[in-house]
Structure formats: C-alpha cells, structure tokens
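Chain letters run A, B, ... following the sequence lines, proteins first, then strands; residues in each count from 1.
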Amino acid sequence: MRVAAITAIGAVTGLGVGVEPLWERLLDGRSAFVPAASLTATHLSRAPVARVADVPADPLGQVGERAHLLLLAAAGEVLAGLPRGLVPGPRTAVVVGTTLGGNRLFCEWLDGTAASPEGSDLASPARLLALRTGARGPVVTVSSACASGTAAVGTAARLVRTGVADRVLAAGVDALSEFVRAGFDALKALSHTVVRPFDARRDGLGLGEGAAVLLVEELGAAVARGARPLAVVRGYGSAGDAFHMTRPSPVGDGLVRALAAALADAGVDPERIGFVSAHGTGTLLNDAMEAAAFGRVFGARAASLPLHSVKGAIGHTLGAAGALEAALTVLVLTRALVPPTVGLGEPDPSLGLDVVARVPRPLPDLRLAVSTSSAFAGTNAALVLERA
Amino acid sequence: MSGAGPPVLVTGTGRLDGDEGETSARSRRMDAFARAGVAAAGRALLEAGYSRGQAPDPRTGVVVATSLGCRASIAEHQLALSRAASLLDLSPSVFARTVHSTVAGELAIEWGLGGAAETVTSGAASGVDALLLARDLIASGAADRLVVAGAEGLSEVVARGERLGSGASVLPLAGVGAALVLERAAPLARATPAPCLLGGVSLFSPEPVEALERLAAALGELDGDPGSLGLVLASPEDDGALAPEALARGGLQGPLLARPSADLLGSSALAGAVAAVEALRTGRASRVAVVVRDPRGPSGVLLFGAPVSGPGVPR
C-alpha cells in the first residue's frame with residue numbers, strides 16, 4: 001500500500017517569511033494584525049488585516065501578481081532543501097488550492113491599470129509552479145472557497161496513494177486585495193476590533209494573506225532517498241452542508257460528514273485523535289457550528305481535546321488557510337507542542353471546547369491530529385495527519 | 001489524474017447550451033456559470049434516477065469543473081467597487097457569489113448531496129481531473145455516486161478579458177454546462193446497460209507535440225489498441241496540436257466522433273464525455289478516447305468503454 005508522507009513545508013504569512021518565524025512568533029502569542037488605517041486612507045473597509053509586510057520579489061523578475069509571489073516564496077523554502085533533479089519530470093504533480101488565483105491582476109485590468117489580464121486565471125499559480133520547477137505530472141487547481149487549501153493537501157495525498165504521482169507540491173495561496181476586504185466587510189463578516197476565535201466576545205473574522213507549500217511524497221520513496229518524513233496524510237474527506245449558501249449548518253452537518261469521511265479514509269477511530277486544528281474564524285456562527293460538530297464526532301472527549309485556531313494571529317488567509325493549518329499541524333505533531341490561540345481571552349463556555357490559550361501546551365504523547373476547514377457554499381474538508 | 005483501476009458506470013448525462021430560460025427564484029440569484037452547472041447536473045441526476053429534495057446522502061456527492069468559474073460575478077463586484085463611495089454601495093449577495101464552489105453548494109442543497117464536495121479549476125483540463133477524482137472516490141469506496149459537472153458562464157467583459165489573456169477565439173457567451181453521473185458498478189446493479197469510465201490521465205507539457213505524444217502513450221497503456229479508439233476532440237483546433245496528422249503521428253487513427261465549434265473552457269472535458277457516452281450508447285463506437293488540449297496549461301485524455309450488458313457488473 002502506498003503511503004503519502006509530508007517531507008518538507010514552507011510558509012509565508014503576516015508573521016514572516018518562513019516556517020520558523022511563524023512558529024516562534026505563534027509560541028510568543030504574536031499577532032500580525034495591523035489597523036487598516038495604517039496602510040492607506042483610501043480603503044472602503046476599515047477592518048484590521050494581517051498583511052505580509054515584505055513579500056519577497058521574484059528571483060527571475062518576471063512575476064508581479066502578489067499571489068504568485070507569495071506562492072513562489074513558500075515554494076522556495078521547500079525547494080531549497082531538496083536535491084537537485086528530484087522535482088522535474090512526469091512523476092511530480094502540483095496541486096494548488098486558491099479562492100482567487102491571480103484575481104488582483106484581473107481586477108487591475110478591469111480598473112484599467114493593467115493592459116491585459118493574461119496570467120490572472122485561477123490555474124495560474126499552479127501553472128507557474130510547474131513551469132518554474134519542471135513538474136510535468138498532473139497540474140491541478142482546486143477552489144472550494146475557504147476549504148481550498150485543505151482540499152489541495154487531500155488531493156495531493158490521493159495522487160500519491162493511487163500511484164499517479166511519486167511526489168506532489170501541494171499548496172494553498174491567496175493574497176489580500178481591496179476586492180476581498182470590501183466584500184467581506186459588506187457581508188458584515190469582519191471584526192473591527194480584535195479577532196477572537198472561540199471567545200465569548202468574538203465579533204467576526206479578520207482577513208490575512210499567505211501561502212503554504214507541502215511536499216507530499218510516497219513514504220517508501222522518500223525514505224529511500226534519505227528524506228526524513230515529518231508526518232503522514234492518513235485520510236481526507238470533504239462534504240457539503242446541503243443547507244445554505246452562506247450560513248453554516250448550525251449543527252455542523254457537513255463538517256461531521258467530512259470528518260467521518262476523513263477518519264474512515266484513514267481507518268482511524270475518533271477516540272485516537274489527540275489534537276484539532278480548527279477552522280476557528282472568530283465569527284459567532286462558525287465557531288458555534290464547529291463546537292457542535294466536534295461534540296458530535298468526539299463525544300464527551302471534545303471538552304478535553306486540545307484545539308487551536310491560527311486565525312487570530314495570521315488572519316483568515318482564505319485558500320491558503322487549509323494548507324497553512326496542515327503545515328502547522330505537522331509542526332505540532334513533530335514538536336509535540338501546541339501554540340496558544342492568539343486573540344482568545346475569555347473562552348466561550350457555551351462551546352464546551354478545550355482551546356489552547358495564553359501559553360503553549362506540550363502534548364508529548366500526540367500521534368494523530370485532524371485539521372478542518374469550512375467554507376462558503378457549504379463545503380467542509382478535513383485531514384487526518386499522523387506523526388511520522 | 002489517474003490511470004488504471006476498476007471501471008465505474010456512467011448512469012446519467014446532461015447538457016445545457018445557452019441560458020435556456022430557467023426562471024425559478026433560486027436560479028435567478030445565481031450567475032450564468034452556476035445556472036449552467038446546476039441545470040446540466042440536474043438533467044444528469046434525473047436521467048440517473050435520482051430525485052430532488054431528499055435528506056442529504058453522505059454516499060452521494062458532487063465534483064465541479066470550471067476554468068473561469070464565477071468570474072462574471074467577480075467582475076460585477078469589482079466594477080461596483082471601483083465606483084463605490086462606501087460599503088453600502090456594494091451588494092453582499094453579489095460578493096457571496098464570488099466563490100467558485102457555488103455550483104457544488106447549490107447542487108448539494110437542491111439534490112441532498114451530502115457526500116464529497118469538490119471544485120476543480122485546472123483550466124481546460126479541469127473536467128479530466130474532476131472525472132478522474134470522482135472515479136477514484138468511487139473505486140476506493142469513499143462514495144457510491146457522484147455527479148460531475150463542467151460549467152462556464154461568461155459576461156461580455158469576462159469574454160473580452162479571456163480573448164486578451166489567452167487568445168481564445170470562439171467563446172460561449174451564455175452558460176454552457178455538461179455533466180455525468182458516475183456510480184459504483186457492483187452494489188447498484190441495473191437492468192439497463194451503461195457505459196463505463198475506464199480511466200484517463202492529465203499531465204502538463206508546455207510543448208504541444210510532446211503533450212500529444214504523452215497523451216497518446218498514456219492511452220496506449222490504458223488500451224491495448226489505441227489506434228482503433230473512436231476520438232472525441234474536446235478542444236478547438238486553435239494551434240494545430242490536435243490536427244488529424246498530429247493525432248496519427250501519436251497512433252490515434254480511429255474515427256473522429258465529435259469536436260466542438262467553440263472553446264468550452266473548463267466544461268470541455270465534460271462536454272466531450274457526454275459526446276463519448278452518446279457514441280457508446282448509439283453503438284457508433286465500442287471504446288472512445290476524449291482528448292483535451294489546453295495550449296496554456298495541463299492537457300488530458302479520458303477513456304470510455306462499451307456499454308456493459310446484464311446486471312451492471314463490468315467485465
């Protein structure tokens with residue numbers, strides 16, 4: 001049986017370029033949010049955002065679209081540690097999850113500030129990664145709104161497990177733009193104070209941006225080339241709420257089905273899960289929905305199952321979120337430590353969850369974890385990850 | 001995406017060309033992309049004997065393929081934003097349509113699809129990836145039945161951008177949708193024979209001759225006699241990569257069964273698949289290859305087999 005292992009991760013977030021700055025600043029409880037007013041006075045939305053302050057330039061000087069630059073920077077961290085010649089060829093696939101692809105460029109063309117929308121399409125980040133790396137297997141883009149990054153990692157694992165590819169560059173990416181900021185604010189989804197996942201005072205989400213790239217390899221091949229596997233993707237599942245296009249099922253129907261599918265795919269009982277990387281946006285409805293779903297899946301254990309949301313620190317990075325959270329879950333598994341949930345001050349007692357807050361929590365016996373996403377249009381997705 | 005494995009049955013097909021006057025309150029809130037996908041998938045589900053409005057079934061799901069997706073709604077939101085003096089000038093309902101998973105969400109609600117929900121946006125080859133993903137989900141036992149829908153719906157400004165950006169010539173301005181229902185072969189035995197999706201592959205070669213050679217080689221691995229396969233060319237012949245002589249060089253010399261008159265973008269593969277299934281059902285071919293070529297991005301092939309006879313268990 002072929003096993004999908006994660007052997008390298010790269011990340012770019014508002015907390016910095018690279019996995020280590022992200023991890024260290026999360027352990028310190030740092031937040032990347034800045035007031036919108038500090039950016040420019042022209043924005044319609046005044047809600048705080050978690051912006052990447054210094055997006056690395058394209059080493060080849062060919063790319064200007066912000067989402068493409070974020071992706072290349074995260075990929076660079078992964079590729080820097082790989083032997084030359086490993087990635088090029090037909091046995092390497094690319095799977096990118098994104099909600100908007102090169103949409104900033106498309107909007108600039110609509111506004112008359114760019115001459116052509118060429119390269120602004122949804123598939124453009126994946127194509128760019130394939131062109132730059134020489135990957136010539138399937139080059140796939142998935143776009144399930146805010147579950148896209150989780151779907152990308154799940155799809156990558158499927159390609160490896162079914163023998164279609166020996167290795168996959170799995171990624172999630174999205175860039176901040178006026179388009180999403182004004183849109184989410186018009187929907188009244190944004191917090192204008194502080195993003196507080198699972199907090200009694202939570203009043204909305206905060207937008208961020210970033211990218212994560214995970215190298216998913218066939219475990220045997222990875223070990224044979226001398227790589228150190230970090231974690232194994234044991235299972236993936238997705239499910240529609242079949243309830244409402246913008247409101248989540250109040251009892252978490254879709255998330256329960258996605259988790260059940262991922263656990264069945266992994267062949268793992270819910271009792272064995274020791275950590276949950278939740279979607280945790282900080283909206284009233286999302287966090288309550290998740291609490292309901294985790295209660296149904298994990299039973300009484302949900303009240304003592306360590307849970308984390310990263311969105312109070314780096315914001316909701318949309319299509320990048322699931323991939324970034326999968327990468328963070330890999331770090332939690334390998335380092336047996338959970339960072340505090342930034343923004344959480346007063347845990348909402350009605351949720352009945354054990355959200356890790358204020359200080360990092362060691363989990364020396366941690367072996368299996370889940371990472372979940374829930375999205376507009378009612379799409380939910382879940383990954384089961386195991387320490388390698 | 002994937003090669004070998006057990007075949008899965010095609011139990012329903014649906015097509016929609018142009019906005020065919022769907023006027024329900026639900027369809028009016030959708031953009032042309034969503035209407036096309038929902039309508040085509042609905043026809044395929046009806047043909048497969050599925051009925052609307054049941055309790056969500058965790059074993060039945062949806063996979064959507066699109067290239068431009070909700071870009072018409074994206075343009076509508078952005079153009080409003082460029083004129084807006086305050087957030088009150090923006091329509092929350094338009095912004096809510098600017099995710100590409102609206103077709104999957106609408107179908108899940110309307111038809112009670114509680115299983116897998118995926119949206120693939122890999123460009124013209126999206127439908128190849130979507131069908132092979134669906135096939136894997138069924139073959140691995142993760143799902144019993146999936147509706148796989150390709151959908152595009154362009155506004156004037158989006159079509160103008162696409163012509164500028166990709167050089168595409170003839171584009172479907174109104175909605176275009178195509179869908180298949182795939183089902184597990186063994187547990188859901190049927191009296192009527194149904195064609196099967198046998199396999200396929202998607203791959204990326206920026207060089208057109210190499211892309212076609214690799215697609216032909218992949219078909220050779222899936223089928224012992226690729227030279228006799230009926231051919232559905234799902235992409236227009238813009239760059240000559242799918243010209244008959246080019247195909248013959250790759251060993252694909254079978255009869256040409258269908259080719260589109262317009263670039264159907266991310267619904268190309270599903271439209272080609274519907275044509276392939278039609279050719280199998282009418283006996284025009286016993287095995288059909290659907291070839292999708294994207295001059296910018298990944299390309300792919302799908303292999304469909306002859307209708308199986310008897311209770312629905314393939315050979």
Select, from [options], the one with the greatest count of heavy-atom pairs under 4.5 Å involving chain A.
options: B/Leu137, B/Leu88, B/Val62; answer: B/Leu137
options: B/Leu68, B/Ile109, B/Thr66; answer: B/Ile109
options: B/Ser82, B/Gly115, B/Gly112; answer: B/Gly115
options: B/Pro58, B/Ala104, B/Gly105; answer: B/Gly105

Which bit of [X] is near chain A, if near means a heavy-atom gap under 4.5 Å: side chain, backbone, both or neither?
X: B/Ser140; value: side chain
X: B/Arg83; value: neither
X: B/Glu106; value: both
X: B/Pro298; value: side chain
X: B/Ala84; value: both

Any heavy-atom pair between the side chains of [Y] and [X] that's under 4.5 Å?
X: B/Leu81; Y: A/Glu178; answer: yes
X: B/Phe204; Y: A/Val94; answer: no
X: B/Thr102; Y: A/Phe376; answer: no
X: A/Trp109; Y: B/Arg160; answer: yes
X: A/Glu118; Y: B/Leu164; answer: no
X: A/Leu131; Y: B/Pro206; answer: yes

Given 3.5 Å as the limit, does a donor-acceptor pair link the side chain of [X] with the main chain of [Y], or not?
X: B/Thr119; Y: A/Ser144; result: no
X: A/Arg257; Y: B/Gly114; result: yes
X: B/Thr121; Y: A/Leu122; result: no

Residue part contacting chain B, namely of [X], when any heavy atom lies under 4.5 Å:
X: A/Leu318; value: neither
X: A/Phe243; value: backbone
X: A/Ala135; value: backbone
X: A/Ala115; value: backbone
X: A/Ala145; value: both

Calculate, to the nearest 0.5 Å, the distance between atoms [atom1] and [atom2] belonging to [X] and [Y] respectively.
X: A/Leu187; Y: B/Ser91; atom1: CG; atom2: OG; value: 9.0 Å
X: A/Asp185; Y: B/Leu90; atom1: CG; atom2: CG; value: 9.5 Å
X: A/Leu110; Y: B/Glu76; atom1: CG; atom2: CD; value: 12.0 Å
X: B/Leu79; Y: A/Asp111; atom1: CG; atom2: CG; value: 7.5 Å
X: A/Leu44; Y: B/Leu87; atom1: CG; atom2: CG; value: 5.5 Å
X: A/Leu159; Y: B/Asp136; atom1: CG; atom2: CG; value: 8.0 Å

Ion pair A/Asp121/B/Arg296, N-O distance below 4.0 Å: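 The answer is yes: the pair qualifies as a salt bridge.
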With chain B as the partner, which of [options] has the greatest number of non-hydrogen pairs under 4.5 Å?
options: A/Arg127, A/Arg161, A/Met245; answer: A/Met245
options: A/Ala147, A/Ser116, A/Cys107; answer: A/Cys107
options: A/Ala377, A/Ser238, A/Gly240; answer: A/Ser238
options: A/Gly378, A/Ala264, A/Ala123, A/Ala242; answer: A/Ala242
options: A/Gly183, A/Ala186, A/Ser177; answer: A/Gly183

Which atom of B/His77 lies closest to which atom of A/Phe179, heavy atoms considered: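 Closest approach of B/His77 to A/Phe179: NE2-O, 3.0 Å.
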Minimal non-hydrogen separation, B/Ser205 against A/Arg136, with atom names: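 Looking at all heavy atoms of both residues, the closest pair is CA-CD, 4.4 Å.
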Flag for A/Ser120-B/Arg71: side-chain donor and acceptor within less than 3.5 Å: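 Per modelled atom types, B/Arg71 and A/Ser120 side chains form a pair under 3.5 Å.
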Side chain to side chain contact (heavy atoms under 4.5 Å, CB included) assessment of B/Val99 paired with A/Thr99: CA-CA 7 Å; B/Val99 292; A/Thr99 68; 5.7 Å; no
